[in-house]
Amino acid sequence: MLQGDGSLRVGVLAIQGSVREHIEKLNLIDGVEAVLAKDKNTLLSLDALIIPGGESTAIGKMIVDFGLKEAILKLNERKIPIWGTCAGMILMAKYIVNDDKVHLGIMDISVKRNAYGSQLDSFKTKLMIPAVSNNEIEAVFIRAPYIENVGNGVRILAKHQGKIVAAQQNNLLATAFHPELTDDICFYRYFLKL
Amino acid sequence: MNERYELNKNLAQMLKGGVIMDVTTPEQAIIAEKAGAVAVMALERVPADIRARGGVARMSDPKIIKEIKAAVSIPVMAKVRIGHFVEAQILEALGIDFIDESEVLTPADEMYHINKWDFKVPFVCGARNLGEALRRIGEGASMIRTKGEAGTGNVVEAIRHMRMINAEIKRLTTLREDELMAAAKELQAPYDLVKYVAQHGRLPVVNFAAGGIATPADAALMMQLGADGVFVGSGIFKSQNPEKMAEAIVKAVTYYDKPEILAEVSEGLGEAMQSIDIRKLDEKDLYASRGW
């Protein structure tokens with residue numbers, strides 16, 4: 001996993017969305033080299049991948065058109081940690097309740113897109129996630145999805161008002177909210193230990 | 001800063017690196033979404049047709065906006081006239097995701113822009129320079145775009161505005177702190193925002209390019225000049241092959257720094273929209289000078 005210089009190459013899928021925000025957070029962590037990833041070769045060189053927030057329809061189309069989907073599937077076969085935030089979570093899901101599309105289909109969760117409504121229903125809250133931090137974590141939900149159901153082997157990390165908003169399956173991590181938009185980097189530390 | 005405003009700026013952040021397309025029907029909205037648009041702007045007429053038609057251009061019929069909202073899953077934006085806060089109240093009541101207080105429509109108020117702090121819904125506003133951008137942000141805009149010159153298919157004004165904003169930002173970062181109040185006076189912009197820009201070297205909100213973008217190369221040029229993303233108004237549905245043009249511009253915005261990909265997507269698109277030499281337009285026909 002580790003490179004010659006001991007740093008971990010962590011990529012952010014750089015099609016569109018909260019790419020810069022993730023990179024800035026990764027730059028705060030010692031031993032991490034943050035990388036913009038928008039071509040196959042860069043993706044295949046990574047030790048971990050973050051799929052950012054944005055629009056899942058837009059990102060989902062581009063990863064197919066530019067052959068990035070296969071590269072990400074290959075990373076998953078290698079059990080490289082992959083974390084999707086918001087749109088990233090939708091892209092990872094095996095089922096999308098209110099859409100006939102499946103993008104990467106790597107994580108055994110069924111998600112609902114825009115589950116809370118329009119931008120007027122976007123919100124910020126605090127979540128207690130013992131697996132990730134001993135303190136409450138700020139969670140920003142922007143036109144967010146949530147997880148309706150999880151398969152066997154998926155660990156539910158957090159719920160908000162009865163809905164699953166964070167989950168993990170082996171090397172895969174999914175959050176309906178955006179840790180890249182807050183100051184806390186505990187989710188990054190958790191992810192990098194997967 | 002209040003929480004709602006932060007959430008609204010956050011939505012704009014999620015649109016970065018993407019293309020927002022003007023659409024006038026649910027069918028066009030679906031084409032835009034399929035092509036990879038990150039949002040659509042619901043309109044009765046694209047800017048080129050507003051230009052051709054003349055008269056007073058107003059907010060779209062709520063029926064059109066609702067139909068477009070129902071047709072797609074990506075965020076839906078709509079325009080209101082500068083200063084027309086009741087049109088904005090109506091759009092907020094419709095549950096729109098973003099309001100564009102736009103110079104493309106006929107201004108309703110020549111003195112005052114909308115006080116955007118009165119609203120829960122986010123606003124994007126046009127700007128030609130840093131002072132104008134910061135005044136709009138001071139009024140509560142969650143996102144800025146260059147004004148460019150909409151409906152012309154001519155990117156020259158968008159370039160002028162983007163370069164101007166960037167140059168003024170860069171200049172602020174070179175000033176001493178005791179020079180910033182004088183800079184605020186010069187820019188006619190709120191002091192705290194001037195200070196923010198001087199410290200961070202960028203606007204406190206996302207800044208898109210808009211107004212006259214007609215080809216993938218135009219879009220990539222704006223990205224290389226530092227735009228966070230691109231609005232395309234008439235450039236898609238007034239071109240010969242909207243599906244292809246839409247998809248090509250989306251790809252050009254993601255791979256704006258990869259000329260080989262730009263070459264590939266620029267091929268065989270058919271004719272771009274009919275374009276106008278802005279120098280031949282009458283002063284009264286320029287949209288960019290609407291608002292301040």
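In what follows, chains are A, B, ... by sequence order, proteins preceding strands, each numbered from 1. Please read these numbers as outputs of a predicted model, since none were measured by experiment.
- Proximity to chain B (any heavy atom under 4.5 Å) is restricted, for A:Ala14, to the backbone atoms N, CA, C and O.
- In terms of non-hydrogen atom pairs under 4.5 Å with chain B, the most contact-rich of A:Ser56, A:Gly117, A:Cys86, A:Gly54 is A:Gly54.
- Ring geometry for B:Tyr196 versus B:His200: interplanar angle under 30°, hence parallel rather than tilted (30 to 60°).
- The contact between A:Lys61 and chain B is made entirely by side chain atoms (from C-beta outward), counting heavy-atom distances below 4.5 Å.
- Relative orientation of the A:Phe66 and B:Tyr255 rings is tilted, given thresholds of 30° and 60° on the angle between their planes.
- Under the 3.5 Å distance criterion, the side-chain polar atoms of B:Gln224 are matched with a main-chain donor or acceptor of B:Tyr256.
- The contact between A:Ile15 and chain B is made by backbone and side chain atoms together, counting heavy-atom distances below 4.5 Å.
- Note: A:Asp65 leads A:Asp39, A:Ile59, A:Asp65, A:Val19 in heavy-atom pairs under 4.5 Å with chain B.
- Ranked by heavy-atom pairs shorter than 4.5 Å toward chain A, the options B:Lys69, B:Glu247, B:Glu92 are led by B:Glu247.
- The candidate from B:Asp228, B:Asn8, B:Val38, B:Val121 with the greatest count of non-hydrogen atom pairs under 4.5 Å with chain A is B:Val38.
- Aromatic ring centres of B:Phe123 and B:Phe119 lie closer together than 6.0 Å.
- Between the side chain of B:Glu101 and the main chain of B:His113, no donor-acceptor pair closer than 3.5 Å is present.
- Residue contact with chain B, scored on non-hydrogen atoms closer than 4.5 Å, is absent for A:Asn98.
- Only the backbone of B:Lys34 comes within contact range of chain A, judged by heavy atoms closer than 4.5 Å.
- When the candidates B:Gly17, B:Gly36, B:Pro75 are compared by the number of heavy-atom contacts under 4.5 Å with chain A, B:Pro75 comes out ahead.
- Heavy-atom pairs under 4.5 Å with chain A were tallied for B:Pro122, B:Ala35, B:Gly229; the largest tally goes to B:Ala35.
- For the pair B:Glu33 (side chain) and B:Ser73 (backbone), a donor-acceptor distance under 3.5 Å is present.
- When ring centroids are compared, A:Phe141 and A:His178 stay outside the 6.0 Å threshold.
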Item to complete: Take A:Lys74 and A:Glu70 through the test salt bridge (charged side-chain N to carboxylate O under 4.0 Å, His left out) and record every step on the way to the result.
Response: CA-CA 6 Å; A:Lys74 224 169 253 171; A:Glu70 298 153 37; 5.8 Å; no
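- Interface residue A:Leu181: only side-chain heavy atoms are found under 4.5 Å from chain B.
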